[in-house]
Amino acid sequence: MKGERKAVLPCNGLDKEAGALAREAALKLAEEGASLVCPVLFQRNPKRFEKELDAGELLVIDGCKTGCASKLAKEHGLKLAGRLNVTEMLKEVGIKGGKKPVPDPEHLARLLAALESVGEMEEESARETPSGLFAGDVEMSEFMEGKFIFKVPRDGYFFNENDCWARVEGKRARLGVSDYVQQSASDMVFFEPPALGAELEQFDDAGSLESTKTALDIISPVGGKVVAINEELVEAPELINEDPYGRGWAVEVELADFESDRELLMDCGAYLAYLKEKVKKENEERYG
Amino acid sequence: MGETTFMGVPREKIDWCPAIDYDKCDFCMECDEFCPHRVFERRDDEERKLVVAHPQNCVVFCRACAKTCGPDALSFPDKKETTAAIKRMREEAGGDEG
């Protein structure tokens, strides 16, 4: 990823070709100097790979969406520096993996080529935010329900009913999830950003998050083009728990048509009222 | 329990829930275990061992279960169409909601 020692954990699944390809991709990276973490051995004896995992950034390679390697990493509280999905990567080049756990040479060649370009893309850093934007502390309102305190900004943010926010300044907006989300989801362990340059419609997914309790998509309150990604958040997803409206921002977009999007959103006052009702109802349903 | 709304529209009028492709589903039950809103239900005695029992519980615009599905057996309505339908229904109900 950034020239540091890499550790790679493939799923090595035997149920279809994708697992065999994940293995081959991992072997290729091992040839280039990464430490190979065997999923089966790691399952039996996690201590065996302690050194490799402490020393390097972990790249997980899942064959398919079942995500066995990711789940294994998550069960052991491992922090992911990156994650690849073989089935998704092949889909992007119009290939569908086979049913037998044997790597097709052409599929493998295309996969390794895609791997190369992923490496290149990561060197491209996010475009700089114009200075002065999104600076300064945000004032919060707070309210209590049961033994929980929920925070909502006083101004400048717009929310959808999926509890995601857009902080709008001029033609740009930063996107994130609300304090309610970080409290419900608990500790965040992984942030998968959208692609730089992606054109999002209002309510499209703007990346996804995984916590110790659940997984959720960031549902963009606005339409626009992704112009920056919070690299700090990729490295430290827990920033969402620490500062969900500030340093925990996920994505920055250039707005397409905010005036139109705005009609379907709640401003800070409206969201505060909405959230109060929501948590009150949840409390009633839970405790009667 | 009372009426549930989403963006000012009665939830029952919004078409949003997962659809199971039974040609692909292997009944691993991951989606049911994952979903915190109890949208799915196991039916051990039936041929279709997993069904979408409570489509109204599904959070509009959430597609997290589809991302979890290994065999890619879950699909959702088009988000743009859903947004357009919600807009239409809000307008029909007459401006001052929410």
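Everything quoted here is computed from the prediction, not taken from an experiment. All chains are named by letter (A, B, ...) in the order of the sequence lines, taking the proteins before the strands, and each is independently numbered beginning at 1.
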Inset, instruction - Please round to the nearest 0.5 Å and tell me the distance separating atom OH of Tyr274(A) and atom CE of Met7(B). - result: 10.5 Å

Inset, instruction - Using the side chain to side chain contact (heavy atoms under 4.5 Å, CB included) rule, take Thr4(B) and Lys281(A) through it: C-alpha gap first, then chi angles, then the decisive distance, then the call. - result: CA-CA 11 Å; Thr4(B) 324; Lys281(A) 258 192 226 160; 5.9 Å; no

Inset, instruction - Return yes if some donor-acceptor pair links the side-chain N/O of Glu161(A) with the main-chain N/O of Phe6(B) below 3.5 Å, else return no. - result: no

Inset, instruction - Kindly indicate whether the side chain of Leu216(A), heavy atoms from C-beta on, has any atom under 4.5 Å from the side chain of Arg63(B). - result: no

Legend entry - Per-residue contact mode, Asp204(A) against chain B (heavy atom under 4.5 angstrom): both

Inset, instruction - For atom CZ of Arg43(B), decide whether the heavy atoms of other residues, nucleotides or ligands shown that lie under 6.0 angstrom number more than 12. - result: yes

Inset, instruction - Identify which part of Leu264(A) has an atom lying under 4.5 Å from any heavy atom of chain B, answering side chain, backbone, both or neither. - result: both

Inset, instruction - Against chain B, label Ala215(A) side chain, backbone, both or neither, depending on which of its atoms sit under 4.5 Å from a heavy atom there. - result: both

Inset, instruction - With the side chain counted from C-beta on, respond yes when Phe61(B) and Asn160(A) share a heavy-atom pair under 4.5 Å apart, and no when they do not. - result: no

Legend entry - Backbone of Asp217(A) reached by a side-chain donor or acceptor of Lys67(B) within 3.5 Å: no

Inset, instruction - Measure the shortest side-chain to side-chain distance between Lys65(A) and Thr68(B) over non-hydrogen atoms and say whether it is less than 4.5 angstrom. - result: no

Inset, instruction - Look at Lys213(A), Met266(A), Lys16(A), Lys71(A) and state which one has the largest set of heavy-atom pairs under 4.5 Å with chain B. - result: Lys71(A)

Legend entry - Steps toward side chain to side chain contact (heavy atoms under 4.5 Å, CB included) verdict (Asp205(A), Lys79(B)): CA-CA 10 Å; Asp205(A) 306 341; Lys79(B) 278 193 176 188; 2.6 Å; yes

Legend entry - Spacing of Thr66(A) atom OG1 and Asp72(B) atom CG [to the nearest 0.5 Å]: 10.0 Å

